[in-house]
Amino acid sequence: MDIANITNTVPTDDLLSDLNESQRQAVTATEGPVLILAGAGSGKTKVLTRRIAYLIAEKKVSPFHILAVTFTNKAAGEMAERIEYLIGHSVKRLWIGTFHSIFGRILRLEADKIGYKKNYTIYDTDDSAALIKTAMEHLKISTELYPVNQIRARISSAKNRLITPAQYQQQAESPVDAKAAVIYEEYEKRLKSANAFDFDDLIVKPILLFENHPDVLGFYQNAFRYIHVDEYQDTNHAQYRLIRMLAKDHQNICVVGDDDQSIYGWRNADITNILHFERDYSSIRIFKLEQNYRSTKNILQVASQVVRNNKYRKHKTLWTEKEKGEPVVVIDCDSDKQEARAVVEAITESIHEEKRSFSDFAILYRTNAQSRLIEEQLRTAVIPYVIVGGLRFYERKEIKDVLAYLRLINNPADQVSLERIINFPTRGIGKTTLDKIKNYAERLRQPMYAVLDRIPLTNGLDLSPRTVQLLRDFNLMIAKYRELKDQMLFTEWVRILLEETGIIKLYRQENTIDALNRYENIMEFLNAIHDYTLRFDAEAAQEDILSAFLKEVSLVTDIDEWNDKKNTVTLMTVHSSKGLEFPVVSMVGLEEGLFPLENATEDIKELEEERRLFYVGATRAQKRLRLYFARKRMRYNTLYNATPSRFINEIPEDLIEWQQSVSNEQQSFFNDYRRKQARAKTQFPYTDRPIKKTIREKSNVYDGDDTRAIKTAFRVGQRVEHPSFGSGTIIQTEGRGDKQKLTVQFLNGDEKKLIVKYANLIVR
DNA sequence: ATTGGAATGTTTTTT
DNA sequence: ACATTCCAAT
């Protein structure tokens, strides 16, 4: 519906009446640069939606002139819905979405201007690693000396800092950087010839487009007269530059963020974007939203007291009118398994005694790997749960294989997809054949698909008649489906494609649980496609269903699909929980080395990010916050001793209630263990704190973890002592378990390779 | 070219 | 523990 058709304009009062003073000011300050510093739970989403509704309903701005960048697609959907509700009619042409989806869309519209075709493919992290690997093989750079993923991270980081391959080459300081620069250049070439963008390109390429085409930039500057960016603290340099370009003339830019919730530094997010906003724009107005509407006083206190230990932050004080509430509970568990039991037990109890529903609970952890034990316990207790994140549906091997067919049909130049499926399911086109074609294509400076198209008229491509036939069959099949696509129902088309390729047969024949799983996933995928066809609006999309579907699939995340209306317990990483809230939050694994993560404890910036992560997790809780740590934890299939997280020690004593959770079978082991600890003089700061309550495990049998020897983690940089060589530092580790070997540099300068099993090392 | 077993890497977080 | 990749045998 067009803005001119509005009949029932909403009175401004309704949009502003239930806001507090600073929220109201933030909503109505529509002109000029605005920075909204919004603490956790201070209603920033509310402010953003009201502001946009206010612009449309009160200031009569067309939705077409409003840009709103959110952190997830889900948030975008919810905001759009909310805005429609507020103004009483649908808003069709509002630009709302994530950076990646909005600028992906713009790239599709303007693709031809930068030498791309509309039907480009979006490569995810795995795809781009695959392409980098091919590039390295071509350049004869060893992937053993230069791990592909490390190179990929460097290239990605350079891209996000808007450094070109040539510039990177110039300022390369280490040999790795020099290599990375060369690979970067080759990688870019290959991306382009595959008509593909990686995730970073969706931000970086629009910048180049705008720089080289002032008219295009002018068009979007004019379109986006009012710009909003949510979660501004998590934008990176490229995103910052992109927004600055667009806001340059009108300066109507409103950014919302909280420096305490900046948790994506590792993804090149640049916290200074928010800290320096004042420097970047002139005559800005700053609004602070400091009243929290989400959590009890106790919860808020815990979160604030921990995060205030950070040095690099803007000062602000969150407060709440809510009641003091229950004390935050810290649960001291003897093992990770016991931790899982305790979490689930507390949930069961709370459901029975407080009549809570499953959806009131979230279990948050630092790493995805921690979900498994908890899942097991939830299953045993027959509690329904969903896991957000981890191995995402569209990243599963079988789904990626299917997607590769669709992508190749959509974009013939998509080399990564072609190589993925040309011999999957196996059809007799092996490595030798593939190498021949690749070399041939390279000699003639032609894309691989062009060579395939010309077979058998390819002189000098020395292939057996059988192979030629196989290649032709494959090529004809792809061509056939390209042809067939517009002649039948999309779902049906995909189904017969999967039948003919043999993927379905492959998994149906093989009688293993794994194959069955994959088969079911493919069926689920077909359902997802079917759902999509029902949703698909050809006119609005202005593109064919296949490319629209592929684009959506590349940018959808688990959190987008997570449904808060389902009555289940939710499990996810603290990262994924950003922006969400739950009545009861259990954070698990609060141990040194895990949360904060080992690698992050060295560098103060990284440690502070971990602390902010704790802050984000804690502030998800509305009524109850439960913090768990375990004293023994299995990692990498080895049992480790653990000590409670420093973040727990940073919480003032009077805010916490301590509990202990020990399994019966573990009691004696536990005592024994505590004695040993005492002997080792490893006093934990909490041992003399009062322990108010002990939960005892009743009948569960603990299955044998205690029979394993507790091993010590050996990591590069660690100091160790050898009975005869004295003390030294680990400079390399290889292998695991009994076969683990360490290279240790001793004080006298000698380097020795030692087998852990026999070396009798003592960690210092 | 395909297969199966061994070796190796992976777990930090994600658009 | 799990998955992918490597390598040798067929």
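Lettering follows sequence order; numbering is per chain, from 1. Worth knowing before you read on, the calculation uses all heavy atoms, side chains too, and leaves out hydrogens, waters and symmetry mates.
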> Given atom CZ of A:Phe71 and atom P of B:dT14, what is their separation to the nearest angstrom?
Replying inline: 10 Å
> Can you tell me how far P of C:dC2 sits from CZ of A:Arg372, to the nearest Å?
Replying inline: 7 Å
> Would you say B:dT13 has OP1 or OP2 under 4.0 Å from some side-chain N or O of A:Asn368?
Replying inline: yes
>> Once you measure the plane-to-plane angle for A:Phe424 and A:Tyr507, does it fall in the parallel (<30°), tilted (30-60°) or perpendicular (>60°) bin?
In response: tilted
> In whole angstrom, what separates A:Leu202's CG from B:dT14's P?
Replying inline: 19 Å
> What residue among A:Arg152, A:Lys400, A:Arg407 forms salt bridge (charged side-chain N to carboxylate O under 4.0 Å, His left out) with A:Asp124?
Replying inline: A:Lys400
>> For the backbone of A:Leu607 and the side chain of A:Arg611, can you confirm whether one donor and one acceptor N or O come within less than 3.5 Å of each other?
In response: no
> Between B:dT15, B:dT11, B:dT13, which nucleotide gets closest to the side-chain atoms of A:Ala369?
Replying inline: B:dT11
> Nearest-Å distance, NE2 (A:His100) to P (B:dT15)?
Replying inline: 9 Å
> When you measure from the side chain of A:Thr573, which nucleotide among B:dT12, B:dT14, B:dA1 comes out closest?
Replying inline: B:dT14
> Taking CZ from A:Arg152 and P from B:dG9, how many angstroms apart are they, rounded to a whole number?
Replying inline: 18 Å
> Is A:Asn160 close to A:His237 at the side-chain level, that is, under 4.5 Å between some pair of heavy atoms?
Replying inline: no
> Which whole-number value in Å describes the distance from A:Arg427 CZ to B:dT3 C1'?
Replying inline: 18 Å
>> Between B:dT13 and C:dT4, how many Å separate the two P atoms, rounded to a whole number?
In response: 16 Å
> If the P atom of B:dA7 is compared with that of B:dT11, how far apart are they to the nearest Å?
Replying inline: 22 Å
>> So if I take every side-chain heavy atom of A:Thr433 and compare against B:dT12, B:dA1, B:dT14, which nucleotide ends up nearest?
In response: B:dA1
>> Distance criterion of 3.5 Å, no angle test: do you see the side chain of A:Trp266 paired donor-to-acceptor with the base of B:dT12?
In response: no
> Any chance the side chains of A:Asp560 and A:Asn73 put a donor and an acceptor closer than 3.5 Å?
Replying inline: yes
>> Taking the nucleotide of DNA chain B with the nearest heavy atom to each, does A:Lys431 or A:Tyr264 sit closer to the 5' end?
In response: A:Lys431
> Quick one: A:Glu376 CD to C:dA1 C1', roughly how many Å, whole number?
Replying inline: 11 Å
>> Please classify the nucleic acid contact of A:Phe99 as base, sugar-phosphate, or nothing, using heavy-atom distances under 4.0 Å.
In response: nothing
>> With a 6.0 Å cut-off on the ring centroids, do A:His228 and A:Trp95 count as close?
In response: no
>> Set out, in order, the CA-CA distance, both residues' side-chain angles and the distance that settles side chain to side chain contact (heavy atoms under 4.5 Å, CB included) for A:Phe647 and A:Asn309, then state yes or no.
In response: CA-CA 10 Å; A:Phe647 302 147; A:Asn309 292 301; over 6 Å; no
>> Can you pull out the residues from residues 228-238 of chain A that lie within a 4.0 Å heavy-atom distance of DNA chain B?
In response: none
> Among B:dT12, B:dT2, B:dA1, which nucleotide sits nearest the side chain of A:Asn423?
Replying inline: B:dT2
Pairs under 3.5 Å (N/O, protein and nucleotides 4-7 of chain C):
none

>> Can you identify which nucleotide, out of B:dT12, B:dT15, B:dT14, has its nearest atom closest to the A:Glu610 side chain?
In response: B:dT12
> A:Asn268 side chain N/O closer than 4.0 Å to the phosphate oxygens (OP1, OP2) of B:dT15?
Replying inline: no
>> Can you identify which nucleotide, out of B:dT13, B:dT15, B:dT14, has its nearest atom closest to the A:Ser576 side chain?
In response: B:dT14
> Do A:Phe71 and A:Tyr264 have their ring centres less than 6.0 Å from each other?
Replying inline: yes
>> Base, sugar-phosphate or nothing for A:Leu555? Non-hydrogen atoms, less than 4.0 Å.
In response: nothing
> Contact class for A:Ile429 vs. all strands (heavy atom < 4.0 Å): base, sugar-phosphate, or nothing?
Replying inline: sugar-phosphate
> Judged by atom type as modelled, is there a donor-acceptor pair below 3.5 Å linking the side chain of A:His575 to the main-chain atoms of A:Ile263?
Replying inline: yes
> Side-chain donor or acceptor of A:Arg366 under 3.5 Å from a matching atom on the base of B:dT12?
Replying inline: yes
> Between the side-chain atoms of A:Ser101 and the base atoms of B:dT15, is any donor-acceptor pair under 3.5 Å?
Replying inline: no
>> Check A:Glu610 with A:Arg366, please: is the shortest side-chain N to carboxylate O separation under 4.0 Å?
In response: yes
> Under 6.0 Å between the ring centres of A:Phe199 and A:Tyr123?
Replying inline: no
>> Distance check needed: B:dT15 P versus A:Asp126 CG, whole Å only.
In response: 13 Å
